[in-house]
Amino acid sequence: MEQNFKKDLKNFFDNMPNKNEAFNFLVNLENLDFIAKEINQFLQAGDWIFLDGDLGTGKTTFVKKLLEFWNSNEKGSSPTFSILNVFQLDNSKNKIKKVIHLDLYRIKTGKELIFLGLENEFSQNNSICIFEWPYNVEVDEYNSFFNVTGCQRPNRIFEISLELNSVKNSRFYSIKKISL
């Protein structure tokens, strides 16, 4: 399974700009380290990741696994109450030096993005943003955020959807490239 998954994931990312389709796969939670490691290889500084899924699907757990592969000095935790957590990375092999992890679950309106300081943290050159509950903010409100704050737009945005599954200890994942 691992070899096929690596090959299919690479093919998806290599051909993604020409496609508007999702890469779907079932993840046994015991294999989450492997999945995060493989997806990590295709992420770059300047990317935004929108994690979409119900409560308890493993969005924060997935972020924690990515942080492990990025050699974060801190363990990831849910930013549900702080809304925004910033992790400095000690990783000379990768251009990603900072991870901004946002949880927009408690956001009532996209105008609140203006007050988070994201424009001070995000840089296309060295950081990546990961959003939980990204669709609590309307697309127009993201565009207003960029216009008002002058924040750099992401180079790429990936949506990773997570769904509970009837198979015990597994999740259904779907990855696709999106735009605002």
Side-chain angles (χ1 to χ4, degrees), residues 6 9-10 12-17 22-23 25 27 32-53 57-80 82-105 107 110 112-137 139 141-143 145-146 149-162 171 173-180:
K6 286 181 181 184
L9 186 66
K10 181 179 181 343
F12 173 75
F13 274 93
D14 287 349
N15 296 309
M16 188 172 27
F23 179 64
F25 53 99
V27 175
L32 191 55
D33 285 343
F34 168 76
I35 299 298
K37 178 182 174 187
E38 292 305 312
I39 291 173
N40 169 51
Q41 295 179 53
F42 299 99
L43 299 175
Q44 304 168 359
D47 287 347
W48 280 15
I49 302 170
F50 283 8
L51 292 177
D52 189 32
T57 54
K59 296 178 296 293
T60 301
T61 301
F62 181 72
V63 173
K64 288 178 183 180
K65 294 297 182 186
L66 286 174
L67 286 169
E68 287 176 20
F69 287 106
W70 286 324
N71 296 322
S72 173
N73 294 329
E74 304 170 59
K75 287 192 172 195
S77 62
S78 175
T80 299
S82 63
I83 300 178
L84 182 141
N85 289 343
V86 177
F87 302 95
Q88 300 296 330
L89 304 181
D90 181 23
N91 188 352
S92 60
K93 297 178 187 175
N94 197 325
K95 289 186 178 181
I96 301 171
K97 302 297 180 199
K98 184 189 308 184
V99 175
I100 302 108
H101 181 195
L102 297 101
D103 186 327
L104 305 182
Y105 184 76
I107 295 286
E112 293 177 58
L113 282 176
I114 295 169
F115 304 105
L116 297 179
L118 178 59
E119 69 277 7
N120 299 321
E121 297 293 347
F122 178 68
S123 164
Q124 292 174 335
N125 299 327
N126 67 7
S127 59
I128 192 165
C129 286
I130 304 173
F131 293 77
E132 295 186 34
W133 301 97
Y135 298 112
N136 283 4
V137 174
V139 170
E141 293 173 319
Y142 281 108
N143 289 322
F145 164 76
F146 292 121
T149 65
C151 182
Q152 295 178 333
R153 289 184 176 267
N155 295 330
R156 306 179 300 177
I157 304 173
F158 298 106
E159 176 191 86
I160 301 178
S161 298
L162 294 81
R171 302 290 185 269
Y173 275 59
S174 179
I175 302 174
K176 65 181 175 182
K177 186 176 181 182
I178 62 170
S179 60
L180 294 177

Inset, instruction - Could you tell me which non-hydrogen atom of G46 sits nearest to which non-hydrogen atom of F122, and how far apart they are? - result: O-CZ, 3.6 Å
Inset, instruction - Taking K98 for its side chain and E121 for its backbone only, find out whether a donor-acceptor pair lies under 3.5 Å. - result: yes
Legend entry - Nearest-0.5 Å distance, CG of residue D14 to CZ of residue F42: 6.5 Å
Inset, instruction - From the options F23, F158, F25, select the one residue that forms a ring-ring contact (aromatic ring centres under 6.0 Å, His included) with Y173. - result: F25
Inset, instruction - Look up atom CZ in F12 and atom CD1 in I39, then write down how far apart they are to the nearest 0.5 Å. - result: 10.0 Å
Legend entry - Among F131, W133, F62, the one residue meeting side-chain contact (heavy atoms from CB on, under 4.5 Å) with L51: F62
Legend entry - Residue pair C151 / F146: nearest heavy atoms and the distance that separates them: O-CD2, 3.5 Å
Legend entry - Side-chain donor or acceptor of N136 paired with backbone N/O of L104 under 3.5 Å: yes
Legend entry - K37 vs E68, side chain to side chain contact (heavy atoms under 4.5 Å, CB included): CA-CA, chis, key distance, verdict: CA-CA 9 Å; K37 178 182 174 187; E68 287 176 20; over 6 Å; no
Inset, instruction - Would you check if Q41 and F69 make a side-chain contact, meaning some heavy-atom pair closer than 4.5 Å? - result: no
Legend entry - Any H101 side-chain heavy atom under 4.5 Å of E132 side chain: yes
Legend entry - Any residue meeting ring-ring contact (aromatic ring centres under 6.0 Å, His included) with F145, in chain and number order, not counting sequence neighbours: none
Legend entry - Distance, nearest 0.5 Å, that separates CD of Q44 from NZ of K95: 8.5 Å
Inset, instruction - Run the numbers on L43 and I128 for side chain to side chain contact (heavy atoms under 4.5 Å, CB included), then give the verdict. - result: CA-CA 8 Å; L43 299 175; I128 192 165; 4.0 Å; yes
Inset, instruction - Flag the pair E141 / I114 as yes when at least one side-chain heavy-atom distance between them is below 4.5 Å, and no otherwise. - result: no
Legend entry - Spacing of CG belonging to D103 relative to NZ belonging to K59, to within rounding of 0.5 Å: 7.5 Å
Legend entry - Heavy-atom closest pair, residues L162 and I160: CD1-O, 3.5 Å
Inset, instruction - Just jot down the ring-ring contact (aromatic ring centres under 6.0 Å, His included) partners of Y135, sequence neighbours excluded, or say none. - result: F50
Legend entry - Check: D52 side chain, P134 main-chain N or O, donor-acceptor pair, under 3.5 Å: no
Legend entry - R156 (side chain) donor-acceptor with K177 (main chain) under 3.5 angstrom: no
Inset, instruction - Kindly compute the distance separating NZ (K64) from CG (L66), expressed to the nearest 0.5 Å. - result: 13.0 Å
Inset, instruction - Working to the nearest 0.5 Å, report the span between CG of D47 and CD1 of I96. - result: 7.0 Å
Legend entry - Non-hydrogen atoms of A45 and N125 that approach each other most closely: CB-O, 3.5 Å
